[in-house]
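Reviewing the structure listed below.
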Amino acid sequence: QVQLVESGGGLVQAGGSLRLSCAASGRTFSISTMGWFRQVPGKEREIVAAISWSGVIYYTDSVKGRFTISGDNALSTVYLQMNSLKPEDTAVYYCAADSGEVTKGRPPTGWGDYDFWGQGTQVTVSS
């Protein structure tokens, strides 16, 4: 089992920045990919960014150039730096870990591809 704890959410004005952190514990050696997802009420949880153990990074189009995902070599701690925030970025942000096979291709982007989840942290961007 892997336990994930997010921190760093909050309220920020449009154009501002926040940095989310995700700390993993337990069987962290099994982690092959870490991802950040977000969800608003009534909508499906969507991928924001992901980073694989091999170093491949994925961003959804709406955050490219504004958000940066990073992590340590073991992916036991992962960050999401969010700049130039917009009201439409408002959501609950979740950290997720996949314990599947490590690949050199694009990280998995479906919420069903991930095995472990954090409790979520609220990000609210005011206009």
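Using a 4.5 Å heavy-atom cutoff, the side chains of P108 and T33 are in contact.
Contact record, D72 with S76: OD2-OG, 2.6 Å, taken as the closest heavy-atom pair. Closest approach of Y58 and R106 over heavy atoms only: CD1-CD, 3.6 Å. In terms of heavy atoms, S17 sits closest to N83 at OG-OD1, 2.9 Å. Looking at every heavy atom in both residues, S32 comes nearest to G100 through OG-O, 2.9 Å.
T77 OG1 to M34 CE: the interatomic distance, rounded to the nearest 0.5 Å, is 8.0 Å. For the atom pair OG of S52 and NZ of K104, the computed distance is 10.5 Å after rounding to the nearest 0.5 Å. Rounding to the nearest 0.5 angstrom, the gap separating the CG atom in L18 from the CG atom in L80 is 9.5 Å. Taken from CD in Q1 to CG in D115, the straight-line distance is 9.5 Å, to the nearest 0.5 Å. Between atom OG of residue S99 and atom CZ of residue R27 there is a gap of 9.0 Å, rounded to the nearest 0.5 Å. Distance CG/D98 to OG1/T109: 11.0 Å, rounded to 0.5 Å.
M82 and V40 are members of different hydrophobic clusters when ILVMFWY side chains are connected at heavy-atom separations under 4.5 Å. I47 is connected to V92 through a chain of hydrophobic side-chain contacts under 4.5 Å among Ile, Leu, Val, Met, Phe, Trp and Tyr, so both are in one cluster. Both L4 and I51 belong to a common hydrophobic cluster when Ile, Leu, Val, Met, Phe, Trp and Tyr are linked at side-chain heavy-atom distances under 4.5 angstrom. Cluster membership for W36 and F116, using ILVMFWY side-chain heavy atoms within less than 4.5 angstrom, is shared. In terms of hydrophobic clustering, with Ile, Leu, Val, Met, Phe, Trp and Tyr side chains grouped at heavy-atom distances under 4.5 Å, V2 and I69 are assigned to a common cluster.
Between K64 and D61, at least one side-chain nitrogen of the basic residue sits less than 4.0 Å from a carboxylate oxygen of the acidic one, meeting the salt-bridge criterion.
For R45, there are no salt bridge (charged side-chain N to carboxylate O under 4.0 Å, His left out) partners two or more places apart in sequence or in a different chain. The side chain to side chain contact (heavy atoms under 4.5 Å, CB included) check on A96 picks up F37, Y114, W117, with sequence neighbours excluded. Y93 is linked by a ring-ring contact (aromatic ring centres under 6.0 Å, His included) to nothing, counting only residues two or more places apart in sequence or in another chain. K43 is linked by a salt bridge (charged side-chain N to carboxylate O under 4.0 Å, His left out) to nothing, counting only residues two or more places apart in sequence or in another chain. When the side chain to side chain contact (heavy atoms under 4.5 Å, CB included) test is applied to V63, the partners found at least two apart in sequence or on another chain are R38, V48, Y59, T60, R66, F67. Among residues two or more places apart in sequence or in another chain, the ring-ring contact (aromatic ring centres under 6.0 Å, His included) test is passed with W53 by none.
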Under the criterion side chain to side chain contact (heavy atoms under 4.5 Å, CB included), I'd like the reasoning laid out for Q81 against L20: C-alpha separation, chi angles, the key distance, then a yes or no. CA-CA 6 Å; Q81 178 67 42; L20 304 183; over 6 Å; no
E46 vs W111, side chain to side chain contact (heavy atoms under 4.5 Å, CB included): CA-CA, chis, key distance, verdict: CA-CA 7 Å; E46 65 170 0; W111 64 266; over 6 Å; no
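Side chain of E6 to backbone of S21: no donor-acceptor contact under 3.5 angstrom is found.
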